[in-house]
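Have a look at the structure below before the remarks.
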Amino acid sequence: MIKAVLACDQDWGIGKLGNMPWPHNSADLQWFKKMTLGQTVVMGRNTWESLPVKPLPGRKNIVVSNTMQAHDGVEVVARDIYRSRLNVLDTNDTVCVIGGAQLITHCLDMIDELWLSRIEGVYDCDAVLPGDEILETFALDSVGPETDVYIEKWVRK
């Protein structure tokens, strides 16, 4: 199972200048931790660099990058082989792709579910999810609040 787990604004924006563009949202961060703890998380180099704590504790961390060097607690996979690497992960693993926008776009056809924490407002993001492709490929399965965040679950059509 491959899931995308991330937050986005009302225009599918996920980042601005390498960071989250909205104010700190502890409920969203707690939801993200709950969704990814004990899982394999896959991210691009920019997402890795934006993390305040590296590697994310309690998760297997994989970074897709052609330029990053390996670090303790993280596996680095070259961009040209990440798709084959994701396909050979243990089928019992849940893989959570956590960003950025380029990585989500490049592996959208491999993602089974999108779990989005919708942040109210528009934040003039420079990293944006492929909203049109998501709407064509996925159906909104469920929506609703979880504590103080609004969660959308999208499943492949």
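Numbering of residues begins at 1 and proceeds along the displayed sequence.
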All side-chain contact (heavy atoms from CB on, under 4.5 Å) counterparts of Thr105, not counting sequence neighbours: Pro130, Glu133
Non-neighbouring partners of Asp141 that pass salt bridge (charged side-chain N to carboxylate O under 4.0 Å, His left out), sequence neighbours left out: Lys153
From SG (Cys107) to CD (Gln102), nearest 0.5 Å: 11.5 Å
Exam field: side chain Thr94 to backbone Gln39, donor-acceptor pair closer than 3.5 Å: no
Other ILVMFWY residues reachable from Met43 by side-chain steps of under 4.5 Å: Val5, Trp31, Phe32, Met35, Val41, Trp48, Leu51, Leu56, Val63, Met68, Val74, Val76, Ile98, Trp115, Val149, Ile151
Single-linkage hydrophobic cluster, 4.5 Å side-chain cutoff, Leu103 and Met20 together: no
Leu114/Val155 under side chain to side chain contact (heavy atoms under 4.5 Å, CB included): CA gap, chis, key distance, verdict: CA-CA 7 Å; Leu114 284 152; Val155 295; over 6 Å; no
Co-members of Leu37 in a cluster of I, L, V, M, F, W and Y side chains, linked at under 4.5 Å: none
Nearest non-hydrogen partners of Gly73 and Pro55, listed with the distance: O-CB, 3.4 Å
Value rounded to 0.5 Å, distance of CD1 in Ile119 from OH in Tyr150: 13.0 Å
Arg118: partners by side-chain hydrogen bond (donor to acceptor under 3.5 Å, both in side chains), with sequence neighbours left out: Glu152
4.5 Å side-chain heavy-atom contact, Leu6 and Val97: no
Thr40 side, atom OG1; Asn61 side, atom CG - distance, nearest 0.5 Å: 9.0 Å
Check: Val128 and Ile14 side chains under 4.5 Å, non-hydrogen atoms: no
Residue pairs, two or more places apart or on separate chains, that pass salt bridge (Lys or Arg N to Asp or Glu O under 4.0 Å) and touch residues 1-19: Lys16-Asp124
Asn66 atom CG: more than 12 heavy-atom contacts under 6.0 Å: yes
Set of residues satisfying side-chain hydrogen bond (donor to acceptor under 3.5 Å, both in side chains) with respect to Asp28, sequence neighbours excluded: Ser117
Partner set under side-chain hydrogen bond (donor to acceptor under 3.5 Å, both in side chains) for Trp12, not counting sequence neighbours: none
Inter-residue atom distance His24.NE2 - Leu29.CG, 0.5 Å rounding: 5.0 Å
Phe138 side chain near Leu108 side chain, heavy-atom distance below 4.5 Å: yes
Ala4 to Ile104 - nearest heavy-atom pair and separation: CB-CD1, 3.8 Å
Closest heavy-atom pair and its distance - Pro21, Cys125: CG-SG, 3.4 Å
Gly100 versus Thr47, closest heavy-atom pair with distance: N-OG1, 3.0 Å
Pairs where residues 34-54 contributes a residue and the test salt bridge (Lys or Arg N to Asp or Glu O under 4.0 Å) is met, not counting sequence neighbours: Lys34-Glu146, Arg45-Glu49
side-chain contact (heavy atoms from CB on, under 4.5 Å) involving Pro57 - partner list, sequence neighbours excluded: Val53, Arg59
Qualifying residues under salt bridge (charged side-chain N to carboxylate O under 4.0 Å, His left out), relative to Asp72, sequence neighbours excluded: none
Trp22: partners by ring pair (Phe, Tyr, Trp, His ring centres under 6.0 Å), with sequence neighbours left out: Tyr123
Check: Ala27 main-chain N/O paired with Asn25 side-chain donor or acceptor under 3.5 Å: yes
Closest approach of Met110 to Arg156 (non-hydrogen atoms, all atoms of both residues): N-NH2, 4.0 Å
